[in-house]
Amino acid sequence: MEQLKEKIREQGIVLSEQVLKVDAFLNHQVDPLLMQQIGREFARRFRDQGIDKVVTLEASGIAPALMTALELGVPLVFARKHRSLTLTDNLLTARVYSFTKQLESTVAISASHLAAGERVLIVDDFLANGQAALGLGAIVRQAGASVVGIGIVIEKSFQPGRRALEEQGYRVESLARITSLAGGQVRFLD
Ligand code: G4P
Ligand code: NA
Ligand code: NA
């Protein structure tokens, strides 16, 4: 997706060979028009899949996932990472290990918001090792629903996430695929 790559080239900051900072438009400040274009692009790629619901993980997945859900005309459900006063009953959960942060956390969605038989599109902002998406996929399956695809805004193709997801049989669609951050330079696939 050309607009996204342009934005990354203009406003992305390479923090290390492993980490790209995109706080100017995705992870802190959010560019609504870009999110709308991202939502349209995911909707275009998955429109024929009979999607009932978009699922993401708070916080940074919500903006692109919401715009995707709007374009598809379906609800968005975001998994929570933290305990909530009101999120009490019937939780579907998964343990997610973050290699980046070197810690394990529990993510949860109430069973009230995922029903058996539903067709779910998972959307997330970054794909690194794929652990967040695998955890969301496990939650969707616990509900008896199915994952029809995974939409990723920025894929770090030099990390093992895509392979891990494809090994589980998931269709992965990434809008920007980064092959390297070496030398402070962002290099894209194709
Ligand atoms: P994984 O799910 O693919 O295994 O990723 P990992 O655990 O390594 O990611 C942990 C957090 O770091 C996630 O955000 C993820 O989006 C983010 N992340 C991973 N690589 C990058 C990167 O190169 N740049 C940026 N900006 N973020 C990266 P999170 O902890 O869930 O936080 P939030 O942003 O949703 O609040
Ligand atoms: Na993030
Ligand atoms: Na995320």
Side-chain angles (χ1 to χ4, degrees), residues 1 4-5 7-32 34-35 38-39 42 54-69 76-84 87 93-109 120-141 147 149-168 170-189:
M1 188 184 161
L4 174 62
K5 289 192 204 168
K7 198 78 168 177
I8 292 170
R9 283 192 205 98
E10 286 168 5
Q11 298 186 0
I13 297 169
V14 177
L15 287 188
S16 70
E17 294 204 352
Q18 308 291 319
V19 179
L20 173 71
K21 179 169 170 162
V22 290
D23 279 13
F25 61 91
L26 181 56
N27 288 147
H28 195 11
Q29 177 169 254
V30 176
D31 181 333
L34 181 66
M35 293 306 125
I38 285 168
F42 282 137
V54 175
V55 165
T56 190
L57 180 56
E58 69 173 347
S60 297
I62 293 175
L66 177 63
M67 297 314 289
T68 305
L76 161 69
V77 180
F78 62 92
R80 290 182 179 266
K81 292 174 186 164
H82 307 287
R83 285 169 186 282
S84 145
L87 189 71
T93 64
R95 301 289 291 167
V96 172
Y97 181 74
S98 169
F99 290 97
T100 306
K101 295 181 171 174
Q102 306 253 301
L103 55 86
E104 195 181 47
S105 61
T106 301
V107 301
I109 294 179
V120 170
L121 172 63
I122 291 172
V123 168
D124 209 357
D125 58 336
F126 267 92
L127 176 59
N129 293 290
Q131 298 305 301
L134 287 172
L136 292 178
I139 287 176
V140 169
R141 284 199 312 278
V147 177
I150 299 176
I152 298 293
V153 180
I154 303 174
E155 171 186 316
K156 292 187 290 181
S157 306
F158 55 87
Q159 291 183 324
R162 171 179 282 266
R163 180 177 307 172
L165 299 181
E166 286 180 342
E167 274 171 5
Q168 297 289 309
Y170 293 122
R171 170 183 169 196
V172 180
E173 292 283 341
S174 304
L175 303 187
R177 301 181 67 183
I178 293 175
T179 55
S180 164
L181 295 171
Q185 280 283 111
V186 182
R187 286 186 181 77
F188 295 102
L189 198 76

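Note: hydrogens, waters and symmetry copies are ignored here, and every other heavy atom, side chains too, is used. Both counts, for ligands and for their atoms, begin at 1 and track the order of listing.
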CD1 on I178 to CG on L20, rounded to 0.5 Å: 5.0 Å
What residue and atom, counting heavy atoms only, is the protein's closest point to atom 15 (C) of ligand 1, and at what distance? F126 CB, 4.3 Å
Taking atom 35 (O) of ligand 1 as the reference point, the nearest protein heavy atom with its distance: S60 N, 3.0 Å
Under 4.0 Å, heavy-atom basis, I'd like to know which part of K101 is in contact with ligand 1: side chain, backbone, both or neither. side chain
Evaluate the 4.0 Å heavy atom contact test for atom 12 (O) of ligand 1: does a protein atom fall under the cut-off? no
Among the N, O or S atoms of D125, which one sits nearest to the Na ion (ligand 3)? OD1
Report the atom name of the nearest N/O/S atom of D124 relative to the Na ion (ligand 3). OD1
Which is it for D125 and ligand 1 at heavy atoms under 4.0 Å: side chain, backbone, both or neither? side chain
I'd like to know whether L34 forms a side chain to side chain contact (heavy atoms under 4.5 Å, CB included) with L4, so could you lay out the CA-CA distance, the side-chain angles of the two residues, the decisive distance to 0.1 Å, and finally the verdict. CA-CA 7 Å; L34 181 66; L4 174 62; 4.2 Å; yes
Report yes if F99 has an N/O atom closer than 3.5 Å to an N/O atom of ligand 1; otherwise report no. no
Just so I know, are the side chains of Y170 and I122 near enough to count as touching, which here means a heavy-atom distance under 4.5 Å? no
How far is atom 8 (O) of ligand 1 from its nearest protein heavy atom, and which residue and atom is that? T100 OG1, 2.2 Å
For atom 17 (C) of ligand 1, is some protein heavy-atom partner under 4.0 Å away? no
Option set K156, Q131, E155, Q102, criterion heavy-atom distance to atom 23 (O) of ligand 1, minimum: K156
For a quick check under 3.5 Å, do S16 and Q18 share a side-chain donor-acceptor pair by atom type? no
So P64 and L26, do their side chains get closer than 4.5 Å, heavy atoms only? yes
Do me a favour and list the nearest non-hydrogen protein atom to atom 10 (C) of ligand 1 with residue, atom name and distance? S98 OG, 3.5 Å
Please report which non-hydrogen protein atom sits nearest to atom 2 (O) of ligand 1, along with the residue it belongs to and the distance in Å to one decimal place. A132 N, 2.9 Å
Go through N27 and F126 one step at a time and tell me if the side chain to side chain contact (heavy atoms under 4.5 Å, CB included) criterion holds. CA-CA 10 Å; N27 288 147; F126 267 92; 3.5 Å; yes
Taking non-hydrogen atoms only, is Q18 closer than 4.0 angstrom to ligand 1 via side chain, backbone, both or neither? backbone
Subset of ligand 1 atoms that lie under 4.0 Å from at least one heavy atom of E58: 35 (O)
Answer yes or no: are there more than 12 heavy-atom neighbours, outside R95 itself, under 6.0 Å from its atom CZ? yes
If you apply the rule side chain to side chain contact (heavy atoms under 4.5 Å, CB included), what do you find for I154 with D125, and how did you get there? CA-CA 6 Å; I154 303 174; D125 58 336; over 6 Å; no
Tell me: protein heavy atom nearest atom 29 (P) of ligand 1, and distance? K81 NZ, 3.4 Å
Does E155 pair with R177 as a salt bridge, N-O distance under 4.0 Å? yes
Shortest reach to atom 26 (N) of ligand 1 by a heavy atom, considering only L165, I62, N27, L181: N27
Please determine whether side chain to side chain contact (heavy atoms under 4.5 Å, CB included) holds for the pair F188 and R9, giving the CA-CA distance in whole Å, both sets of side-chain angles, and the decisive distance to 0.1 Å. CA-CA 10 Å; F188 295 102; R9 283 192 205 98; 3.9 Å; yes
Please identify which atoms of ligand 1 are closer than 4.0 Å to at least one heavy atom of A128. 3 (O), 5 (O), 8 (O)
Among V22, L20, L57, I152, which one has a heavy atom closest to atom 25 (C) of ligand 1? L20
Using a 4.5 Å cut-off on heavy atoms from C-beta on, say whether the side chain of M1 contacts that of I38. yes
Is V186 close to L181 at the side-chain level, that is, under 4.5 Å between some pair of heavy atoms? yes
contact_flag G161 ligand 1 heavy-atom lt 4.0 Å: no
Distance in Å, L136 CG paired with Q131 CD, rounded so as to fall on 0.5 Å steps: 11.5 Å
Numbered in order shown, the ligand 1 atoms found under 4.0 Å of a heavy atom of V19 are 22 (C), 23 (O), 24 (N)
